[in-house]
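Since the model is a prediction, treat every value here as computed from it, not as a measurement. Scope of the values below: all heavy atoms of this structure, side chains included, with no hydrogens, waters or symmetry mates.
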Amino acid sequence: MDFGELIDYLVSDPATAHILLYIEGVRDARRFVSALRAAGRIKPVILMKVGRYPAGTRAIQSHTGAMVGGDDVFEAVVRRTGVVRVKTVGQLVAAAQALASRIRPQGNRLAIITNGGGPGVMAADRATELGLPLATLAQSTIDSLQSALPANWSHGNPLDLIGDADATRYGAAVKACLADPAVDGALVILTPQAMTNAVATAHAVVDNAHGSRKPLLACWMGEQSVIDARRVFARAHIPVLRTPEPAVDMFAHVSAFYMNQQMLLQTPAPREQPAAPDVNTAKRIIEAALRENRNTLTQIESKAVLRAFGIPIGEALTAASADEAVQRATALGFPVALKIDSPDISHKTDIDGIRLNLADAAAVRAAFDAITGNARRLRPQARITGVAVEKMLSSGQGRELMIGIVRDPVFGPAVVFAAGGTAAEVLRDRALELPPLNAPLTAAMIARTRVSRMLGAFRNLRPIDMPALESTLLRVSEMACELPWIEELDINPLIVDDRGVTAVDARIVVAARHGTQRPFSHLAIHPYPAEMVTDGKLRDGEPFLLRPIRPEDAEMEQAFVRRLSPASRYFRFMGALRELTPAMLVRFTQIDYDREMAFVAVRRDNTGETEIGVARYISNPDGTSCEFAIVVDDAFQRRGLGRIMMQRLIEVARARGLATMTGYIVTDNDGMQKLCSGLGFTIHHNRDDAGTRRATLQL
């Protein structure tokens, strides 16, 4: 048994409302991530993973690999699975208490209300450490508080109500903050004073928070004098803590739950760019290196792979001698840069293997001799093929960045974005995400780094071409998806300015992949199967589109079920269901394409898409069988749509290696039984339910 099986069981268990996990290691990454993503859509999941700082390290050949530890990748897994990660048992219990209290924030902007300046500052400091922004109160909120608070209140966030604050002040502050659109949640702190009525204040807070959809947490400091007040919060299902910092931690955990739920909705395809890459050329370059028993591509080969994926590169020509270097420099035009060209030297600066701004032939000759001499002296065992000659970039507006790929031994490839240059490893300013990526994920990835603040207008620098940078990240994500041989990729520096991007230096490390692997089996998250989108025609010639379902289809799916006749709904759901519950809607539209498949048939017109049918299968825990379900809009029945969808579903299940497909059909549903019989299913009586038939197909 592994985590995947256990999580699957707990998700389907009606007695389980929340799932808490303590993790030391994961064996089956795809099953683990798949199960977590399925669970995260339905029930709050909180996990604690130990071993964040492994004692052992491996030899790293690239800047990218040196900057990333195994825990970075696990953090990326958490973001993409819609769950909450904590680091201590105390945080585990606190987060569980918060989610059990049905706290569901819609953001991370926190308002702090207190009668003691010190605890308010402590809470603000902790929020800053965790990256939680303090809400900026609207002027209308401040104006509304003027009459309820003394003149010397703080007039900002934290809201210091002054030490003699009574229940009325607290109630007014809570009501105003929760009504402010700029506030996503509130933390109310009380420090007992001689005049404090802790119980009355607690009642005021509870009363004024009633009806608000925003989370509220309480911190009633002290012990004997506030015990009864804490009971007031407990009866109202409002979390109450003893000190400010854990309360802020709790809000951070539940706000992370909301943010990660938004990330969970992202289902990128392996290719998100309009122009298709030249995957075959890139494969041939990699396979040629592997046939020569080389695991590191030369800089020229690495840049050729980048070019095949549409990433702009700085033109480079190889030279085996000083004379050749002069010829290449003359052809490119001065000034140029020279870099050592060796498959055995990863970091050129370590052996002083780079010369920049060479303005004439004499400088190129001297640089060639110096570079190759340093390499032979400092790396006597390295294979030296010569130098790479490159045209110098001279926009004056460029920022040095780094984009790369690392391969985690458990979760596979991950894309890294960071500050570039020789100090990349020292600064360790990076963001990491699991492929596949799309535009929202790349934008969030860039924003998580400190270097992102330098990408807009900065002193005399114009803002960079952000779409070009995001496009490059998407292209690198495509490389991670389409080229499973890549162990490490290092584009450093990537020069970005207001006119676009240029990959100045690149290094790719590859490894052979043996056996027949299913497409994308090297990824922890299965991408949206865009290649399965097809056009079809009904028996009468009317066209439709058949495609895998997406999370944004939820509204369309709900409308489809509402339009079904009572008989069609009964045949599909075997009950008097009128419309899908929110949990069912999430489960039906936010699927894991690795373990299940759902095809929707849609008609397209000027108003958009209308769903006319859906067919799906879900793999069973045994990994060899699946259960199917299908329903067709009443107006489109007996027109051949059901047969087309079922045939496509069978093709996919068979291609995925499943052996058996089973479905349960209401006994009175003669049309479905006829359809299944025509497709080769065997129809049996269901011994467990006399009102249904069991249809089975050996794939």
Considering non-hydrogen atoms only, spot the tightest contact between [X] and [Y] and give its length.
X    : Y    : result
E324 : A320 : OE1-N, 2.7 Å
P436 : R80  : O-NH2, 3.1 Å
I384 : A375 : CD1-CB, 3.6 Å
L658 : G623 : CD2-O, 3.6 Å
L130 : A252 : CD1-CB, 3.7 Å
A282 : F309 : CB-CE1, 3.7 Å

Would you say that [X] contacts [Y] through its side chain, given a criterion of any heavy-atom pair below 4.5 Å between the two side chains?
X    : Y    : result
K391 : T502 : no
L494 : L469 : yes
V387 : R328 : no
L317 : L332 : yes
Y593 : P527 : no
V33  : V77  : yes
F334 : V364 : yes
T385 : T318 : no

Practice task
Let me see the working for E651 and R654 under salt bridge (charged side-chain N to carboxylate O under 4.0 Å, His left out), right down to the final yes or no.
Solution key: CA-CA 5 Å; E651 289 173 6; R654 185 176 287 130; over 6 Å; no
Quick check for you: to the nearest 0.5 Å, what is the distance between [X] atom [atom1] and [Y] atom [atom2]?
X    : Y    : atom1 : atom2 : value
Q299 : D505 : CD    : CG    : 4.0 Å
S342 : R376 : OG    : CZ    : 10.5 Å
I525 : L434 : CD1   : CG    : 5.0 Å
R85  : E75  : CZ    : CD    : 5.0 Å
K283 : I285 : NZ    : CD1   : 13.0 Å
E482 : H522 : CD    : NE2   : 8.0 Å

So, does [X] use its side chain to make a donor-acceptor pair with the main chain of [Y] at under 3.5 Å?
X    : Y    : value
R475 : G310 : no
R399 : M454 : yes
S477 : P435 : no
D498 : I464 : no
R109 : T136 : no
T330 : V326 : yes
R30  : L523 : yes
R407 : W485 : no
T128 : A124 : yes
D429 : A419 : no

Fill in the blank from the handout: Those residues at least two apart in sequence (or on a different chain) that pass salt bridge (Lys or Arg N to Asp or Glu O under 4.0 Å) with R448 are E433
Exercise for the section: Quick one: list whatever passes salt bridge (Lys or Arg N to Asp or Glu O under 4.0 Å) with R37, sequence neighbours left out. Expected result: none
Fill in the blank from the handout: The side-chain contact (heavy atoms from CB on, under 4.5 Å) partner of L489 among I403, V305, I405 is I405
Exercise for the section: Only one of V416, V415, I486 passes side-chain contact (heavy atoms from CB on, under 4.5 Å) with V406; say which it is. Expected result: V416
Practice task
Please determine if E129 and R126 form a salt bridge, counting it only when a charged side-chain N lies under 4.0 Å from a carboxylate O.
Solution key: yes
Problem - Presence of salt bridge, D2 and R31, under 4.0 angstrom - result: no
Exercise for the section: Please test M532 against R648 for side chain to side chain contact (heavy atoms under 4.5 Å, CB included), starting from the C-alpha separation and ending with a verdict. Expected result: CA-CA 9 Å; M532 294 185 182; R648 188 72 179 106; 3.7 Å; yes
Problem - Working for side chain to side chain contact (heavy atoms under 4.5 Å, CB included), residues M479 and L306 - result: CA-CA 9 Å; M479 294 174 68; L306 298 187; 3.8 Å; yes
Practice task
Please assess K87 against D71 for the test salt bridge (charged side-chain N to carboxylate O under 4.0 Å, His left out), listing each intermediate value before the final yes or no.
Solution key: CA-CA 12 Å; K87 296 182 178 178; D71 202 60; over 6 Å; no
Practice task
Given side chain to side chain contact (heavy atoms under 4.5 Å, CB included), test V389 with L338 step by step and report yes or no.
Solution key: CA-CA 5 Å; V389 185; L338 262 61; 4.0 Å; yes
Practice task
Determine the sole option in R294, R507, R284, R307 for which the salt bridge (Lys or Arg N to Asp or Glu O under 4.0 Å) test with E301 is passed.
Solution key: R294
Handout entry: side chain to side chain donor-acceptor pair (under 3.5 Å) involving E390 - partner list, sequence neighbours excluded
Key = K303, K339
Exercise for the section: Please work out whether the ring planes of F3 and F32 are parallel, tilted or perpendicular, with thresholds of 30° and 60°. Expected result: perpendicular
Exercise for the section: Please test I508 against L483 for side chain to side chain contact (heavy atoms under 4.5 Å, CB included), starting from the C-alpha separation and ending with a verdict. Expected result: CA-CA 11 Å; I508 298 177; L483 304 176; over 6 Å; no
